[in-house]
Amino acid sequence: MTNKNSAPCVELRGVVKKFSGLVAVDHVDLKVEQGKVFSLLGPSGCGKTTTLRLVAGLEMLDEGDILIDGEVINDVPAYNRDCSTVFQTLALFPHMTVEGNIAYGLERRKVDKAEIKVRIGEMVELMGLGGMEKRHPAQLSGGQRQRVALARSLVLRPKILLLDEPLASLDRKLRKEMQVELKRIQREVGITFLYVTHDQKVALSISDIIAVMANGKLEQIGSARDIYETPKTKLIADFMGASNIFPGKARDKAGKNVEIETESGLKIIALKGKDKDGNSKEITGVSVHPELIGISHKGTDVKVGNKFEGKIVEMIYQGDFIETKVVIGRTGEQITANLGSEFGQETQFSPGEEVVVYWNPASSNILLG
């Protein structure tokens, strides 16, 4: 007998989905905790949207089990699953008002009219849509339409809300505003969110847990901090925007550090503790985020584990930082560092200048094969 109180909100066990012989979802196992924002993150075609559609019942799996609240729902039709979906297109009814769109699902379920009115009022207040109840979607801004789509799904009080790239069509400013709104709404309603996105920044900003997908498989599951700071593989590091990725092999594991020699001959020191899998997998390289790298003028006495002399070849102003590219003289390796522009650091250095780039061994993230 399943103890529902301890069961994950959603669980996938060995889930497989194929299209014309092509494996879109490849033996995926995952658990989504109650009341969390869980994001499936990955490039287009990685299987994340198919996974979400399997949970929603919009696709049927070929192998494995899907459970909601501890109950297997493989054969339960979409309209009887205790989940709601917000699509990228939003799919609002253009001929209906805001309150008509919100009420639609409740009316289909034949909920009492008085109860519908109460629930619409709750959603209008939660979403900040007061005064817009009689408007049609064409009379709303992009953000307001987004809120109506969320309200239409949440008013059904599902166990889990499935979100398929709902912010993808918004401009950058509105997307950031809606990220904050989504977090607020999720905290207030306490419903589990399963969020699908290819946008790393969106996933990092709203998620409690992130699962990175590639080629139909889950590559790494962890907190937003874990995924960003300690990606396990080159693929994940590259996808998460690490601009300094150095393939290489461990040459010396003496003491608390690991020395990794890159393909060009650069020797980079990392802490053993960063290798979370211990000796179970081969070290295949190292990654370093550019904001963790410092630059000093040549001749400066820098007392850190990793320091290399080179020449600045490019400086690109990015608003809150200066993207600075340095070529290491001895190996020709290029290293990117982000200098904070608020301190006027762009005036301290110039292209063509010889410098020292440096970082602490704790900032070196070990990549595993």
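The first residue in the sequence is number 1, and the count goes up from there.
- Looking at Gln186, its side chain does come within 3.5 Å of a backbone N or O of Gly35 through a donor-acceptor pair.
- Formation of a donor-acceptor pair under 3.5 Å by the Thr197 side chain with backbone atoms of Asp199 is found in this model.
- Residue pairs meeting the salt bridge (Lys or Arg N to Asp or Glu O under 4.0 Å) criterion with at least one member in residues 352-369, sequence neighbours excluded: Lys298-Glu354.
- Among residue pairs with one or both ends in residues 61-117, those qualifying as ring-ring contact (aromatic ring centres under 6.0 Å, His included) are Phe93-Tyr104; sequence neighbours excluded.
- Rounding to the nearest 0.5 angstrom, the gap separating the OG1 atom in Thr51 from the CG atom in Leu30 is 7.5 Å.
- Between the side chains of Ser153 and Ser84, no donor-acceptor pair of N or O atoms lies under 3.5 Å.
- Atoms CG and OG1, on Asp238 and Thr233 in that order, are 9.5 Å from each other to the nearest 0.5 Å.
- Side chains of Gln34 and Asp69: a donor on one and an acceptor on the other come within 3.5 Å.
- Residue pairs that meet the side-chain hydrogen bond (donor to acceptor under 3.5 Å, both in side chains) test with at least one member in residues 7-25, sequence neighbours left out, are Glu11-Arg13.
- To the nearest 0.5 angstrom, Leu41 atom CG is 11.0 Å from Met213 atom CE.
- Heavy atoms only, all atoms of each residue included: Leu194 and Ile160 are closest at CB-CD1, 3.8 Å.
- Both Ile206 and Val86 sit in one connected hydrophobic cluster of ILVMFWY residues. Membership requires side-chain heavy atoms under 4.5 Å apart, directly or through other members.
- Going from atom CG of Leu271 over to atom CG of Asn257 covers 5.5 Å, rounded to the nearest 0.5 Å.
- Comment: Arg157 engages Glu122 in a salt bridge, judged by a side-chain N to carboxylate O separation of less than 4.0 angstrom.
- Met178 is listed as a side-chain neighbour of Leu170, based on a closest heavy-atom distance under 4.5 Å.
- Across Ser287 and Leu367, no two heavy atoms sit closer than the pair OG-CD2, 3.9 Å.
- Judged purely by distance below 3.5 Å, without hydrogens or angles, the side chains of Thr192 and Glu33 never pair a donor atom with an acceptor atom.
- Remark: the backbone N or O of Phe239 is paired with a side-chain donor or acceptor of Gln200 at under 3.5 angstrom.
- No donor-acceptor pair under 3.5 Å is formed between the side chain of Lys36 and the backbone N or O of Asp208.
- Smallest separation of non-hydrogen atoms from Met132 and Val98: O-CG2, 3.1 Å.
- Checked by atom type, the side-chain pair Asp226/Ser223 shows a donor-acceptor distance below 3.5 Å.
- Listed for the Glu133 side chain is a donor-acceptor partner under 3.5 Å among the backbone atoms of Gly131.
- Closest non-hydrogen pair, Leu126 versus Glu188, comes out as CD1-OE1, 3.1 Å.
- Remark: side-chain polar atoms of Arg152 are paired, donor with acceptor, to backbone N or O of Leu90 under 3.5 angstrom.
- Side chain to side chain, Glu229 and His289 fail the donor-acceptor criterion of an N or O pair below 3.5 Å.
- We find the CZ-SG distance between Phe38 and Cys9 to be 11.5 Å, quoted to the nearest 0.5 Å.
- Looking only at side-chain heavy atoms (C-beta outward), Asn365 and Pro231 come within less than 4.5 Å of each other.
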Inset, instruction - Go through Thr336 and Glu323 one step at a time and tell me if the side chain to side chain donor-acceptor pair (under 3.5 Å) criterion holds. - result: CA-CA 7 Å; Thr336 300; Glu323 185 178 314; 5.2 Å; no
Legend entry - Test side-chain contact (heavy atoms from CB on, under 4.5 Å) applied to Leu54 and Ile66, step by step: CA-CA 8 Å; Leu54 288 168; Ile66 298 175; 3.8 Å; yes
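- A salt bridge links Arg251 to Glu261: one of the charged nitrogens lies within less than 4.0 Å of a carboxylate oxygen.
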Inset, instruction - Begin from the C-alpha positions of Tyr358 and Ser296 and carry the test side-chain contact (heavy atoms from CB on, under 4.5 Å) through to its verdict. - result: CA-CA 8 Å; Tyr358 59 91; Ser296 289; 3.3 Å; yes
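- Cluster membership check: Ile245 does not share its hydrophobic cluster with Tyr228, using side-chain heavy-atom separations under 4.5 Å among Ile, Leu, Val, Met, Phe, Trp and Tyr.
- Side chain to side chain, Asp164 and Thr49 meet the donor-acceptor criterion of an N or O pair below 3.5 Å.
- Residues Lys201 and Lys176 have side chains not in contact (no heavy-atom distance under 4.5 Å, counting atoms from C-beta outward).
- Under the 30°/60° scheme for interplanar angles, the aromatic rings of Phe308 and Trp359 are found to be tilted.
- Considering only heavy atoms from C-beta on, Tyr195 comes within 4.5 Å of Leu182 through its side chain.
- Distance alone, capped at 3.5 Å, is enough to place a donor-acceptor pair between the Gln144 side chain and the Ser141 backbone.
- Taking the side chain as every heavy atom from C-beta outward, Leu204 and Met240 approach each other to under 4.5 Å.
- For the pair Ile316 and Ile322, the minimum side-chain heavy-atom distance is 4.5 Å or more.
- Contact annotation: the side chain of Ile260 never approaches that of Leu266 to less than 4.5 Å [non-hydrogen atoms, C-beta and beyond].
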Inset, instruction - Under the side-chain contact (heavy atoms from CB on, under 4.5 Å) rule, what do Lys48 and His198 come out as? Steps first, then yes or no, please. - result: CA-CA 9 Å; Lys48 59 189 186 296; His198 68 278; 4.2 Å; yes
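- Judged by distance alone, the side chain of Ser364 and the main-chain N or O of Ile269 form a donor-acceptor pair under 3.5 Å.
- Residues Ile116 and Ala103 share a closest heavy-atom pair of CG2-CB, 3.9 Å.
- Ion pairing of Lys232 with Glu219 is absent here, as no side-chain N (NZ or NE/NH1/NH2) approaches a carboxylate O to less than 4.0 Å.
- Checked by atom type, the side-chain pair Asn74/Asp65 shows a donor-acceptor distance below 3.5 Å.
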Legend entry - Derivation of the side-chain contact (heavy atoms from CB on, under 4.5 Å) call for Arg119 and Leu106: CA-CA 9 Å; Arg119 290 211 207 173; Leu106 296 175; 3.4 Å; yes
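- Side-chain atoms of Asn101 come within 3.5 Å of backbone N or O of Thr97 as a donor-acceptor pair.
- The pair Glu59-Arg53 meets the salt-bridge criterion, since a charged nitrogen lies less than 4.0 angstrom from a carboxylate oxygen.
- Under the 4.5 Å side-chain criterion, counting only non-hydrogen atoms from C-beta, Lys272 is not in contact with Lys256.
- Between atom CG of residue Leu52 and atom CG of residue Leu163 there is a gap of 8.0 Å, rounded to the nearest 0.5 Å.
- In plain terms, the two heavy atoms of Gly299 and Val356 that are nearest each other are N-CG2, 4.4 Å.
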